[in-house]
Amino acid sequence: MRPVSTSRLETFSDGVFAIAATLLILNVHVDGPHLGHALARAWPSYAAYGVSFVTIGIMWANHHGVFSQIDKVDRTFLMINVFFLMAVAFVPFPTVLVAEHVRDAGLQAAALAYGFTLTVTAVLYSLLWFYAMSGRRLLRHDADPRVVSGITRSFLPGPWIYLTSTLLAFWRPVVSIVLFAAIAAFYMLESAVFGRRQTATE
């Protein structure tokens with residue numbers, strides 16, 4: 001397959017991100033005769049929804065940043081992106097598990113499912129970028145080396161951070177869940193800072 005433009009792939013990817021983010025809210029529900037009490041007790045669903053929505057949102061924003069440096073795609077890149085999007089679309093499932101089991105003994109299994117999902121997603125995301133930038137295989141001819149270097153640095157720790165947080169669930173699942181929320185907050189801040197720097201260099 002000859003390298004082709006990125007437009008159709010970007011459109012398809014945006015659709016998957018949008019669907020995955022939308023599915024999160026469909027899993028937020030309340031039960032019980034007293035609505036006020038039920039709404040208060042549903043806080044795990046709100047928290048899980050917020051963390052996962054921000055995580056997917058950051059992935060989407062970074063995906064846009066990656067494609068701003070890519071000129072064309074080949075079949076290998078397409079397939080890596082398909083598997084990456086498959087992992088993104090799976091995120092709502094472990095999100096529900098965490099929300100439903102945060103108060104009981106099932107939290108460990110839920111945290112492990114959530115963590116391994118994000119770890120696999122981070123690995124595939126890194127693979128996507130490193131395949132594209134290796135030897136400038138798919139990059140634009142005018143891709144800014146500083147931006148390319150910045151994206152590379154931001155991707156390097158991701159899989160390891162998620163894996164470490166996931167493995168903590170074997171001992172302290174609550175700490176693991178808190179770390180996932182902290183990671184989302186960190187990447188949101190990092191993405192905002194990096195975005196301002198990138199705009200300033202253009």
Side-chain angles (χ1 to χ4, degrees), residues 11-66 81-125 154-155 157-159 161-170 172-195:
T11 300
F12 174 68
S13 299
D14 285 347
V16 173
F17 277 114
I19 292 170
T22 302
L23 287 175
L24 292 171
I25 193 60
L26 298 181
N27 296 314
V28 178
H29 56 85
V30 294
D31 297 305
H34 303 291
L35 181 58
H37 183 64
L39 286 171
R41 281 186 55 81
W43 68 263
S45 293
Y46 310 147
Y49 164 77
V51 171
S52 291
F53 192 95
V54 169
T55 299
I56 290 176
I58 293 167
M59 291 180 189
W60 172 80
N62 289 340
H63 198 262
H64 173 73
V66 165
N81 194 72
V82 165
F83 284 113
F84 164 67
L85 293 175
M86 182 173 68
V88 170
F90 190 75
V91 170
F93 172 63
T95 299
V96 175
L97 296 180
V98 171
E100 291 181 345
H101 296 283
V102 72
R103 298 186 182 97
D104 60 43
L107 180 58
Q108 182 183 75
L112 288 171
Y114 190 82
F116 280 123
T117 298
L118 294 183
T119 300
V120 170
T121 304
V123 169
L124 290 169
Y125 212 169
S154 70
F155 273 93
I161 292 174
Y162 280 117
L163 180 60
T164 300
S165 300
T166 300
L167 295 178
L168 279 173
F170 283 108
R172 294 288 186 274
V174 172
V175 174
S176 181
I177 294 300
V178 170
L179 283 175
F180 293 135
I183 292 169
F186 168 77
Y187 272 113
M188 182 170 61
L189 178 61
E190 188 272 343
S191 181
V193 172
F194 181 72

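None of these values were measured; they are calculated from a predicted model.
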Given Tyr114, which of Ser165, Ser176, Ser52 fulfils the side chain to side chain donor-acceptor pair (under 3.5 Å) condition? Ser52
Close side-chain approach of Arg41 and His34, heavy atoms under 4.5 Å: no
Atom of Ala20, atom of Ala89 and distance for their closest heavy-atom approach: CB-CA, 4.1 Å
When rounded to the nearest 0.5 Å, the distance separating CG of Asn27 from CD of Glu100 is 8.0 Å
Do Ser154 and Asn62 pass the side chain to side chain contact (heavy atoms under 4.5 Å, CB included) test, and can you show the C-alpha distance, the side-chain angles, and the key distance before you say yes or no? CA-CA 10 Å; Ser154 70; Asn62 289 340; 5.8 Å; no
Met59 pairs by side-chain contact (heavy atoms from CB on, under 4.5 Å) with which of Leu85, Val88, Val54? Val88
Run the numbers on Tyr162 and Phe116 for side chain to side chain contact (heavy atoms under 4.5 Å, CB included), then give the verdict. CA-CA 8 Å; Tyr162 280 117; Phe116 280 123; over 6 Å; no
Taking Ser45 for its side chain and Val28 for its backbone only, find out whether a donor-acceptor pair lies under 3.5 Å. no
Let's go through Met86 and Leu124 carefully: what are the C-alpha distance in whole Å and the side-chain angles of both, what is the deciding distance for side chain to side chain contact (heavy atoms under 4.5 Å, CB included) to 0.1 Å, and is it a yes or a no? CA-CA 10 Å; Met86 182 173 68; Leu124 290 169; over 6 Å; no
Taking atom OG1 of Thr119 and atom CG of Leu112, what is their separation to the nearest 0.5 Å? 10.0 Å
So do Thr55 and Val91 actually touch side chain to side chain, heavy atoms under 4.5 Å? no
Are Tyr49 and Tyr46 an aromatic pair by the rule of ring centers under 6.0 Å? no
Would you mind telling me which of Phe84, Trp60, Phe83 makes a ring pair (Phe, Tyr, Trp, His ring centres under 6.0 Å) with Tyr125? Phe84
Gap separating the CD1 atom of Ile25 from the CZ atom of Phe53, nearest 0.5 angstrom: 9.0 Å
Of the non-hydrogen atoms in Gly115 and Phe180, which two are nearest, and what is the gap between them? CA-CZ, 3.3 Å
From CA spacing to verdict: side chain to side chain contact (heavy atoms under 4.5 Å, CB included), Phe90, Leu118: CA-CA 9 Å; Phe90 190 75; Leu118 294 183; over 6 Å; no
Distance from Thr164 atom OG1 to Leu179 atom CG, nearest 0.5 Å? 9.5 Å
Looking at every heavy atom in both Ala48 and Ala99, which two are closest together, and how far apart are they? CB-CB, 4.0 Å
Note: Val51 and Ala181 closest approach over all heavy atoms is CG2-CB, 3.8 Å
Taking all atoms of both residues into account, what is the closest heavy-atom pair of Ala169 and Ala111, and its distance? CB-CB, 3.8 Å
Output yes when a side-chain donor or acceptor of Gln108 lies under 3.5 Å from a complementary backbone atom of Pro173, and no otherwise. no
When rounded to the nearest 0.5 Å, the distance separating CZ of Phe17 from CG of Asp14 is 8.0 Å
Between CD1 on residue Ile56 and CG on residue Leu23, distance to nearest 0.5 Å: 8.5 Å
